Asks: 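This structure is in C-alpha cells; I'll ask about it shortly.
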Amino acid sequence: MLVLGIETSCDETAAAVIRGGDRSILSHRLLSQVDDHRPYLGVVPEIAARVHIEHVDRLVEEAMAEAGIRFGDLAGIAATAGPGLIGGLMVGLMTGKAIAAAAGKPLIAVNHLEGHALSPRLMAPVPFPYLLLLVSGGHCQLLIVEGVGTYRRLGTTIDDAVGEAFDKVAKLLGLGYPGGPAIEKVAESGDAKRFALPRPMLGRKDCHFSFSGLKTAVRQAVTALPLPLDLAAVADMAASFQGAVADVMADRLARAIAVFHGLYPEARHVVIAGGVAANRTLRARLTETAEGAGMALLAPPFWLCTDNAAMIAWAGFERLRLGLTDALDFAPRPRWPLDPTAPPAGFAGVKA
Ligand code: KG4
Ligand code: ZN
C-alpha cells in the first residue's frame, strides 16, 4: 500500500511517499519557510499560503520521482486538512483532492495532530494504547492514544503551548526565530541555577500545563538585568528557562502516567512527539521520568518530530487500511481537536 502524504498546515511545505506494509519511507521532501518568516519573528499566514502555492506541486513531483512511482500506483492520497492556518490547509488539501480525482484514488483528510500522534508507529509497531505527550508550537497536550481516531485527552495547556513559550522567550533574549533550537543551543553553556524561575502547575492533581507565568517571570528577570544583555546572561537565562520547563513537563508527565496506569495497568509505552520533542535536555529528563515509573519512552527521530509529510502519509495509511476515507468535498478545518469530548481545562479566570 503506497500512500502519498502532503503537509501544508503551518510553515513547512512537505510531500512524502511511504509503503505502509513494511513501514518504508520511499521519499520525503520538505521546504522550510523559516527564512521567509524570520524577519517577522513568527509565521505570517499570508506569506505561508503563498509559499505553499509556489512549491507544493514541485515537492509532490519530486517525492513521486524519488519513490519511482506514478499516481496510478498509489493506494491513496493523504493531505493535512487541519488544524492549522486556513490558507495553507486549502493549498495542500486542494492539491490532494486534485490528484485523488485525476488518478481515481481515495482521499484521506488527515488531522495534523493525528499525524504527530501516530508517527512513532511509522518507526516500530508500538501497540495501542499508549500515552502521548504532544508538544509543539501550537499544542501542548497529554493524550491516551487508544486506537486510530480514538483519543482521550488527559491534559492541555491553559494558556501558551510549550513551543510558543520557547519562541517567546527566545524573542525576549534576542535569539531570533524559531526559538526552540536557539534556546537549546545557547543553554548548553549556561548555568540553569542562576535564575530562580517559577514552576507553574507543579504538583497539581490534574494533567494540565501553563507557561505564560514562566514567560512573564523571564521577562521580569531580563528587565532587571543591565542592557545590553551579555552572552553569559543570555545563556544562563536560556538554561534556567529550559530547566524550569523540564521540571514542569516531568511533573505533568508523571501525573499523567499515574492516571494512564489506573486505566490501563498493562500498557507500557509513553511517546513524545511534536517539534519540542526534538529538545535533547527534555527528552533525557522525560526518559528518566518514564523509566522511573516502569514505562518506556519512545521518541521519533528528530526529523519526524517536527512537521513533515511522512507522518501524514502514515496516518493516511492507518486510516485507509481501516476503510476510513473522505469525500472530495471535505472542508479544511482551522480548529480540529483530537478529543472533541474533552472538557475544557476550565480554571477560574483562565481561558481554556
Ligand atoms: O511540530 P512543529 O514543527 O510545528 C507545530 O506544529 O507547531 O513544532 C514547532 C515548535 C516551535 O515552537 C519550535 O520552537 C519548537 O517546536 N522546537 C523546539 C526545538 N525544536 C523545535 N523547542 C525546544 N527545543 C528544540 N530543540
Ligand atoms: Zn506539528
Side-chain angles (χ1 to χ4, degrees), residues 5-14 16 28 30-34 37-38 41-43 45 48 52 80-85 88-89 92 110-120 132-141 143 156-157 160-173 175-188 190 192 209 211 214-215 218 238-239 241-246 248-249 271-286 299-312 314-315 334-338:
I6 302 171
E7 160 61 36
T8 55
S9 68
C10 189
D11 61 344
E12 253 100 29
T13 319
H28 71 99
L30 183 137
L31 175 90
S32 167
Q33 305 180 357
V34 162
H37 300 286
R38 186 172 282 124
L41 298 176
V43 178
H52 288 308
T80 303
L85 301 172
L89 292 171
V110 173
N111 182 316
H112 178 85
L113 303 174
E114 181 161 63
H116 280 300
L118 299 176
S119 62
L132 173 74
L133 173 59
L134 178 60
V135 277
S136 72
H139 300 277
C140 185
Q141 301 184 7
L143 293 150
T156 185
T157 179
D160 293 350
V162 60
E164 195 180 350
F166 268 94
D167 293 334
K168 287 178 177 170
V169 166
K171 202 165 171 178
L172 276 171
L173 296 177
L175 291 173
Y177 166 86
I183 289 199
E184 178 172 21
K185 190 154 195 308
V186 293
E188 278 168 23
F209 298 86
F211 291 103
L214 176 55
K215 174 195 66 192
V218 171
F241 166 75
Q242 193 173 262
V245 171
V248 169
M249 299 237 302
V271 167
I272 51 171
V276 181
N279 187 292
R280 287 175 189 78
T281 304
L282 293 176
R283 276 187 190 223
R285 184 62 183 284
L286 297 174
F302 295 118
W303 73 268
L304 195 52
C305 279
T306 49
D307 289 350
N308 66 85
M311 70 180 191
I312 302 305
W314 174 261
R335 286 182 56 78
W336 188 0
L338 277 181

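Sequence positions, counted from 1, serve as the residue numbers for this chain. One-based numbering, in listed order, for ligands and for the atoms of each. Being a predicted model, the structure only gives us computed values, none of them experimental.
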Asks: For H139, what residues pass the ring pair (Phe, Tyr, Trp, His ring centres under 6.0 Å) criterion, not counting sequence neighbours?
Replies: none
Asks: Looking at ligand 1, does H116 have a heavy atom less than 4.0 Å from it?
Replies: yes
Asks: Do me a favour and list the nearest non-hydrogen protein atom to atom 2 (P) of ligand 1 with residue, atom name and distance?
Replies: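 Its nearest protein heavy-atom neighbour is D307 OD1, 3.5 Å.
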Asks: Rounded at 0.5 Å granularity, tell me how far CD1 in I183 sits from CG in D167.
Replies: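 Spacing of CD1 (I183) from CG (D167) equals 8.0 Å.
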Asks: Among all protein heavy atoms in this structure, tell me which lies nearest to atom 14 (O) of ligand 1, with the distance rounded to 0.1 Å.
Replies: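 The answer is D167 OD1, 2.7 Å.
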Asks: Hey, are the side chains of V245 and F166 touching, using non-hydrogen atoms and a 4.5 Å cut-off?
Replies: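 The answer is yes, as the side chains (C-beta and beyond) meet within the 4.5 Å cut-off.
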Asks: Any idea which atoms of ligand 1 are less than 4.0 Å away from a heavy-atom of G137?
Replies: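 Selected atoms, number and element: 5 (C), 7 (O), 8 (O), 9 (C), 10 (C), 12 (O).
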Asks: From H116 NE2 over to L338 CG, what is the distance, rounded to the nearest 0.5 angstrom?
Replies: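 One gets 10.5 Å once the value is rounded to the nearest 0.5 Å.
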Asks: Distance-only, no hydrogens or angles: does the E184 side chain make a donor-acceptor pair with backbone N or O of R280 under 3.5 Å?
Replies: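 The answer is yes, because a donor-acceptor pair under 3.5 Å joins these two groups.
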Asks: I'd like to know if G138 contacts ligand 1, where contact means a heavy-atom distance under 4.0 Å to any ligand atom.
Replies: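 A heavy atom of G138 does come that close to ligand 1.
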Asks: Could you check if a side-chain atom of E12 sits within less than 4.5 angstrom of a side-chain atom of T306, using non-hydrogen atoms only?
Replies: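 No, side chains not in contact.
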Asks: Is R283 reaching over with its side chain to a backbone N or O of A277, donor-acceptor style, under 3.5 angstrom?
Replies: yes
Asks: Look at atom 15 (C) of ligand 1 and say which protein heavy atom is nearest, naming residue and atom and giving the distance to 0.1 Å.
Replies: V276 CG2, 3.9 Å
Asks: Whether the side chain of T8 engages the backbone of G92 through a donor-acceptor N/O pair (distance < 3.5 Å, no angle test) should be reported.
Replies: yes
Asks: Atom 25 (C) of ligand 1: which protein heavy atom is closest, and how many Å away?
Replies: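 Nearest protein contact, heavy atoms only, for atom 25 (C) of ligand 1 is G180 C, 3.6 Å.
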Asks: Does a side-chain heavy-atom distance below 4.5 Å link W336 with L113?
Replies: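 No - every pair of side-chain heavy atoms lies 4.5 Å or more apart.
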Asks: Write out the residue and atom name of the closest protein heavy atom to atom 1 (O) of ligand 1, then the distance separating them to 0.1 Å.
Replies: G275 N, 3.0 Å
Asks: Under 4.0 Å from any heavy atom of G163, which atoms of ligand 1 are there?
Replies: 12 (O)
Asks: Just to confirm my output: which protein heavy-atom neighbour is closest to atom 24 (N) of ligand 1, and how far is it?
Replies: N279 ND2, 3.0 Å
Asks: At a threshold of 2.8 Å, where the distance has to be below it, does the Zn ion (ligand 2) have an N, O or S atom of H139 nearby?
Replies: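 It does not; every qualifying atom lies at 2.8 Å or beyond.
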Asks: Any idea which atoms of ligand 1 are less than 4.0 Å away from a heavy-atom of E184?
Replies: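 Answer, ordered by atom number: 25 (C), 26 (N).
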Asks: Does H112 approach ligand 1 within less than 4.0 angstrom via side chain, backbone, both or neither, non-hydrogen atoms only?
Replies: side chain
Asks: Strictly under 2.8 Å, is any N, O or S atom of H116 next to the Zn ion (ligand 2)?
Replies: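 Coordinating: yes.
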Asks: In the structure I gave you, are the side-chain heavy atoms of L304 and M311 within less than 4.5 Å of one another anywhere?
Replies: yes
Asks: Just to the nearest 10 degrees, tell me the angle at the Zn ion (ligand 2) spanned by H112 NE2 and D307 OD1.
Replies: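 Between NE2 of H112 and OD1 of D307, at the Zn ion (ligand 2), the angle is about 90°.
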